[in-house]
Undergrad: 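Just passing along the structure, written as structure tokens.
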2 protein chains.
Amino acid sequence: MSLNNMSSKNNLELNPRISVDCVIFGFDLNQLKVLVIERSISDSDKQILTLPGDLIYEAENLEIAADRVLFELTGLETIFLEQVGAFGDTDRLNKEADKKWLRAVREEPEARVITIAYFSLVNIHEYAPQASSFAKSAAWIPLNEIDELAFDHFDILQTALKKLKNKIRIQPVGFNLLPEKFTLSQLQKLYEAILGRELDKRNFRRKMLKLQLVEMLEERQEKVPHKPSQYFKFNETNYNILIENGFDNFGF
Amino acid sequence: MSLNNMSSKNNLELNPRISVDCVIFGFDLNQLKVLVIERSISDSDKQILTLPGDLIYEAENLEIAADRVLFELTGLETIFLEQVGAFGDTDRLNKEADKKWLRAVREEPEARVITIAYFSLVNIHEYAPQASSFAKSAAWIPLNEIDELAFDHFDILQTALKKLKNKIRIQPVGFNLLPEKFTLSQLQKLYEAILGRELDKRNFRRKMLKLQLVEMLEERQEKVPHKPSQYFKFNETNYNILIENGFDNFGF
DNA sequence: TCGCAAAGTGTAAGTGTGACACTTTGTAAA
DNA sequence: TTTACAAAGTGTCACACTTACACTTTGCGA
């Protein structure tokens, strides 16, 4: 098939199924978590874990499809969503369990599938599981407890995490993962979870306060068995000013 | 169609054509250039410009397909190649000229196409145009002279450029665009072209020399009507040492 | 030999980063 | 009510990096 020939149909040409898969990050109990689907293989007790996803509709834009998956699963709209990339290597179905499960749900394991992956950051406390049978088997699993996923989903997860790491150096996207009000310690734990390393408390606070991305609230913690922390909220106005000035280096 | 039903075929389900498109960057005469294909619309003198691309073969991995397009077009192998992402909005064919051209080559303009875009960095002087009729209509166009491309290719180009900008802050990928030996001024011009802003000569040289990413050669320019410049080459050993130490901030 | 045009060079001020340890404060248990 | 606890909160110093800035050098060609 020659390069300038985009018109002829022939048997070399790919005719795959196209899906979206979503890596949905949440943050809870100082841990970064991912929303995964537990699927049972009919003839055993084993479960396989997958990322939530679906085939894309005919008249649907890619990002809309990802939005839809997210909404149908979490009840959340207009959340942070960014493309991770396309995945679809021919060896994506090299695990026996995957094939077995596909056979069980009457899919052909041989079919080529290309998936467009997205990652999103959600406030885990606004998570409102939907009624679909799909959502019923969804679970928040701590990132560091996931060491295997079906198909190429583990690869997708790794890539999404890498993107998130890079992103947070350039844009303070982490606030999407936190509730409206939060403590600076929570924020720091979040950064530590994403970056995968510990940060110095004083240096971290200095940086955040200097940039004026957080604003101190009147409110403070209550009933904690230690000195209560001030609550803060994200200052979007200051964030937008920074962005307009081309600021894109948060020094992590 | 419910979210947990990935098995049923129905008329909502997408069955698109899948292609790869490549944004091939080169650097020449202190300008960042892109390799585009000039396609004639049969019934007029107008040309439309597209990114080089092709449909993906049935048994072919995505990246392999991009490699193939690159090789068939440029004769180059094992070059820097990275995925930009998947593009395939339903309105990608909103320009009349695009539809006209597709009709002329017997494509249905209504067909949904999803394309996986890659960008690569090539040494423009090793570019060896191949014999295909495709390659014959290829041309290196300076980036800043491109203000329209067919389909969603302009969007793809912009996104690729953004990725390149980010990448060069983290990894000194620019050397892929230069010949073996180059002057520090060339290197600086390259960085300026990618970043879209001017850099201070002394500061730039200091940074590059301090990191020891470049190594001075014996050779110098000849027959230039001014003080001849030293030639340098990329020091891959030192680069690998930096990477192993987790260094990923080149301060741009 | 003179002019040109780009190469090449150093410093000082300011800003951000990383490392480091003790005091404060509210709760809950004794 | 006193006390122990556990996390919150706070300042400084040394160092590295960044930015801004102007003149001299060198080879070629007219």
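Predicted model only: the values in this text are computed from it and were never measured. Just so we're on the same page: letters track the sequence lines, and every chain starts at 1.
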Undergrad: So where does chain A start and stop touching DNA chain D, 5' to 3', when the test is distance under 4.0 Å to a non-hydrogen atom?
TA: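 First and last nucleotides in contact are D:dC5 to D:dT12.
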Undergrad: Taking atom C1' of C:dG16 as reference, at what distance in whole Å does atom NZ of A:Lys207 sit?
TA: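 Computing the A:Lys207:NZ to C:dG16:C1' distance gives 8 Å.
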Undergrad: Give A:Glu222 one of three labels, base, sugar-phosphate or nothing, depending on what nucleic acid heavy atoms sit under 4.0 Å from its own.
TA: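 Since no nucleic acid heavy atom lies under 4.0 Å of A:Glu222, the category is nothing.
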Undergrad: Is there a donor-acceptor pair under 3.5 Å between the side chain of A:Glu192 and the backbone N or O of A:Leu199?
TA: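 Yes, the answer is positive, given that a donor and an acceptor are paired below the 3.5 Å cut-off.
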Undergrad: By nearest heavy atom, map A:Pro228 and B:Pro225 onto DNA chain D; which one lands nearer the 5' end?
TA: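 Of the two residues, A:Pro228 wins.
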Undergrad: How long is the line joining CG of B:Leu209 and C1' of C:dG10, in whole Å?
TA: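 Distance check: B:Leu209 CG to C:dG10 C1' gives 14 Å.
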Undergrad: What is the distance, rounded to the nearest whole Å, between atom CZ of B:Arg206 and atom P of C:dT11?
TA: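 Atom CZ in B:Arg206 sits about 12 Å away from atom P in C:dT11.
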Undergrad: Any residue in residues 178-205 of chain B with a heavy atom nearer than 4.0 angstrom to DNA chain D? Just list them by number, or reply none.
TA: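 Nucleic-acid contacts, sorted: B:Asp200, B:Arg202, B:Asn203.
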Undergrad: Fit a plane to each ring of A:Phe175 and A:Phe234, take the angle between them on a 0 to 90° scale, and name the class: parallel (under 30°), tilted (30 to 60°) or perpendicular (over 60°).
TA: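 Plane angle under 30°, so parallel.
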Undergrad: Hey, what do you get for CZ (A:Phe27) to CD1 (A:Ile194), rounding to the nearest 0.5 Å?
TA: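 Result: 8.0 Å between the selected atoms.
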Undergrad: Check for a donor-acceptor pair, side chain of B:Asn176 on one end and backbone N or O of B:Leu121 on the other, with a separation under 3.5 Å.
TA: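 Pair absent, no side-chain N/O of B:Asn176 close to backbone of B:Leu121.
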Undergrad: Other residues, nucleotides and ligands only: do more than 12 of their heavy atoms fall within 6.0 Å of CD on A:Glu236?
TA: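 Open.
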Undergrad: Can we say B:Glu219 and B:Lys181 salt-bridge, meaning some charged N sits less than 4.0 Å from an Asp/Glu carboxylate O?
TA: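 Between B:Lys181 and B:Glu219 there is a salt bridge, with a charged N closer than 4.0 Å to a carboxylate O.
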Undergrad: Aromatic rings A:Phe119 and A:Phe25: how do their planes relate, parallel, tilted or perpendicular, breaks at 30° and 60°?
TA: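 Ring orientation, 0 to 90° scale: perpendicular.
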Undergrad: As a quick check of understanding, evaluate salt bridge (charged side-chain N to carboxylate O under 4.0 Å, His left out) for A:Asp248 and B:Arg169, giving each step before the final call.
TA: CA-CA 11 Å; A:Asp248 66 351; B:Arg169 296 168 49 164; 2.5 Å; yes
